[in-house]
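Read the structure below first, then the notes.
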Amino acid sequence: MRKRFCLLPALALALLCACSKDAAKTPPTRPADFTSTERQFNTPADGDTIAIFDTSLGEVRAVLYPDAAPMAVYNFVGLARSGYYDNTTIWRSEYGFAVQGGDATGTGTGGSTIWSNNPYPPEASADLKHYAGALCAAFAAGGDVTGGNSQFYFVTALPDSVSSSDRQAELTANGYTDAQIAAYAAVGGLPYLDNTDTVFGQVYQGMDVVDAMACVDTVKDDDGNDTYRPTEEAAITINSVTITTYSSAEDNGLDTVG
């Protein structure tokens, strides 16, 4: 069944992003009421596992998909319940691409798993794509170690990032369904990461907060290149991540966003 999936209240997003000094980082205007048969655009069902991110910029809620990415979800849930993500930071903020966290060292070079820090393999699913708002496992590759750990990212691709006729034709040639192509055209995303990284969740409330994370000021290196690391003044803290189950009664009257 198709359900309405409200992506962003533009006013709230504008207010959260207004403090950015970088004029190029303007909050995107996302579809206010996009309808799709794609799983990631369905309202969570009662009893679905969700993650509630309490951050310094506001609250983000994401539904998790343990049936499609069991190892990624099991690892994330286990770490969250142990308090691993408490008081960590978003160490990467790349406008129009993604914001990334989940490293207790805050450097982007660390990470942990519930399996004695051993990495786990990708779990690509044909039903889950890197649409804007996707919650994904970050994978490290180096030496003899290739796999996921505690790090994760939210896709913040802009709505028009996959809307050109050339991009649409490319998706068609690569076997994407009409519904997937329409979803990418409407909300944007990172299709080149499909079947490479693992999508294990989707933001359904608080995408305005995620986009605000992508709007913060970031540090430039000596050559003026963006490091994508938030400045000290713009640091983003994840106060906690709570794992619970979705209840439509609790969310009654709230806008669902993705």
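Hydrogens, waters and symmetry mates play no part in the numbers below; they use all other heavy atoms, side chains included. We're numbering straight along the sequence, starting at 1.
- Applying the under-4.5 Å side-chain rule to Ile, Leu, Val, Met, Phe, Trp and Tyr, the cluster around Y228 consists of that residue alone.
- Taking OG from S56 and CD1 from I238, the interatomic distance works out to 9.0 Å, rounded to the nearest 0.5 Å.
- Taking all atoms of both residues into account, the shortest heavy-atom contact from Y246 to A45 is CD2-O, 3.5 Å.
- The structure places OG1 of T156 at 7.0 Å from CG of L158, a figure rounded to the nearest 0.5 Å.
- No continuous path of hydrophobic side-chain contacts links V209 to V155 [ILVMFWY only; heavy atoms under 4.5 Å].
- When all heavy atoms of K220 and G224 are compared, the pair lying nearest together is CD-O, 3.8 Å.
- Proximity of a side-chain donor or acceptor of D211 to a complementary backbone N or O of D208 within less than 3.5 Å is not detected.
- Counting heavy atoms from C-beta on, the side chains of S125 and V199 never come closer than 4.5 Å.
- At a threshold of 4.5 Å between non-hydrogen side-chain atoms, the residues T231 and T218 do not count as touching.
- Nearest heavy atoms, G47 versus T245: O-CG2, 3.7 Å.
- In this structure, F152 has its ring center closer than 6.0 angstrom to the ring center of F53.
- Within the structure, salt bridge (Lys or Arg N to Asp or Glu O under 4.0 Å) contacts touching residues 108-134 (residues at least two apart or in different chains) do not occur.
- Using bins of under 30°, 30° to 60° and over 60° for the plane-to-plane angle, the ring pair W115/Y74 lands in the tilted bin.
- In this structure, the separation between CG on L79 and OG1 on T113 is 7.0 Å, given to the nearest 0.5 Å.
- Ring orientation note: the planes of F76 and F200 are tilted relative to one another, at an angle of 30° to 60°.
- Partners of N117 under the side-chain hydrogen bond (donor to acceptor under 3.5 Å, both in side chains) rule, at least two apart in sequence or in another chain, are S112.
- For the pair A98 and Y153, the tightest heavy-atom approach, listed with the atom from each and the gap, is CB-CD1, 3.9 Å.
- Listed by first and then second residue, the ring pair (Phe, Tyr, Trp, His ring centres under 6.0 Å) pairs that reach into residues 174-196 are Y131-Y184, sequence neighbours excluded.
- Here CE of M213 is found 13.0 Å from CD of Q100. Values are rounded to the nearest 0.5 Å.
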With ring-ring contact (aromatic ring centres under 6.0 Å, His included) as the test, would you mind laying out the steps for F41 and Y204 before giving the verdict? CA-CA 8 Å; F41 300 96; Y204 70 89; over 10 Å; no
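- Taken together through direct or relayed side-chain contacts under 4.5 Å among Ile, Leu, Val, Met, Phe, Trp and Tyr, F139 and V99 form part of one hydrophobic cluster.
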Show the numbers, then the answer: is there a side chain to side chain contact (heavy atoms under 4.5 Å, CB included) between L57 and I236? CA-CA 7 Å; L57 291 184; I236 306 163; 4.2 Å; yes
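- Shown here are the side-chain contact (heavy atoms from CB on, under 4.5 Å) partners of T244, two or more places apart in sequence or in another chain: I50, I52.
- Residues D197 and P122 are not in side-chain contact: their nearest non-hydrogen atoms beyond the backbone lie 4.5 Å or more apart.
- Heavy atoms of other residues, nucleotides or ligands lying less than 6.0 angstrom from CZ of F97 number more than 12.
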When you look at E233 and D217, which way does the side chain to side chain contact (heavy atoms under 4.5 Å, CB included) test go after all the steps? CA-CA 8 Å; E233 295 79 10; D217 293 320; over 6 Å; no
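- For the pair Q202/Y65, a side-chain contact is recorded, criterion being any heavy-atom separation below 4.5 Å from C-beta on.
- For residues 170-181, the pairs satisfying salt bridge (Lys or Arg N to Asp or Glu O under 4.0 Å) are R167-E170, with sequence neighbours left out.
- Closest of all the heavy-atom pairs between V187 and A132 is O-CB, 3.5 Å.
- Under the side-chain hydrogen bond (donor to acceptor under 3.5 Å, both in side chains) criterion, S165 pairs with no residue, sequence neighbours left out.
- Under the side-chain contact (heavy atoms from CB on, under 4.5 Å) criterion, N225 pairs with D221, D223, not counting sequence neighbours.
- Minimum heavy-atom separation, P31 to A186: CG-O, 3.2 Å.
- In terms of modelled atom types and a separation under 3.5 Å, the side chain of S161 and the main chain of G189 share a donor-acceptor contact.
- Pairs engaging residues 83-96 under the side-chain hydrogen bond (donor to acceptor under 3.5 Å, both in side chains) rule: Y84-S150, W91-Q151, R92-E94 [sequence neighbours left out].
- The hydrophobic clustering, which links ILVMFWY residues whose side-chain heavy atoms are closer than 4.5 Å, places L190 and M207 apart.
- By the side-chain hydrogen bond (donor to acceptor under 3.5 Å, both in side chains) test, D103 pairs with T105, T107, sequence neighbours left out.
- Interatomic distance, CG of L64 versus CG of L135, reported as 6.5 Å (0.5 Å rounding).
- Residues forming a side-chain hydrogen bond (donor to acceptor under 3.5 Å, both in side chains) with Q168 (at least two apart in sequence, or on another chain): none.
- Atom CZ in R81 sits 6.5 Å away from atom CD1 in I243 (nearest 0.5 Å).
- Pairs of residues two or more places apart, or lying in two chains, that qualify as salt bridge (Lys or Arg N to Asp or Glu O under 4.0 Å) and include a residue from residues 65-76 are R39-D67.
- Side-chain contact between H130 and P191 is absent, with no heavy-atom pair separated by less than 4.5 Å.
- Proximity of a side-chain donor or acceptor of D54 to a complementary backbone N or O of N239 within less than 3.5 Å is not detected.
- In terms of modelled atom types and a separation under 3.5 Å, the side chain of N149 and the main chain of P119 share no donor-acceptor contact.
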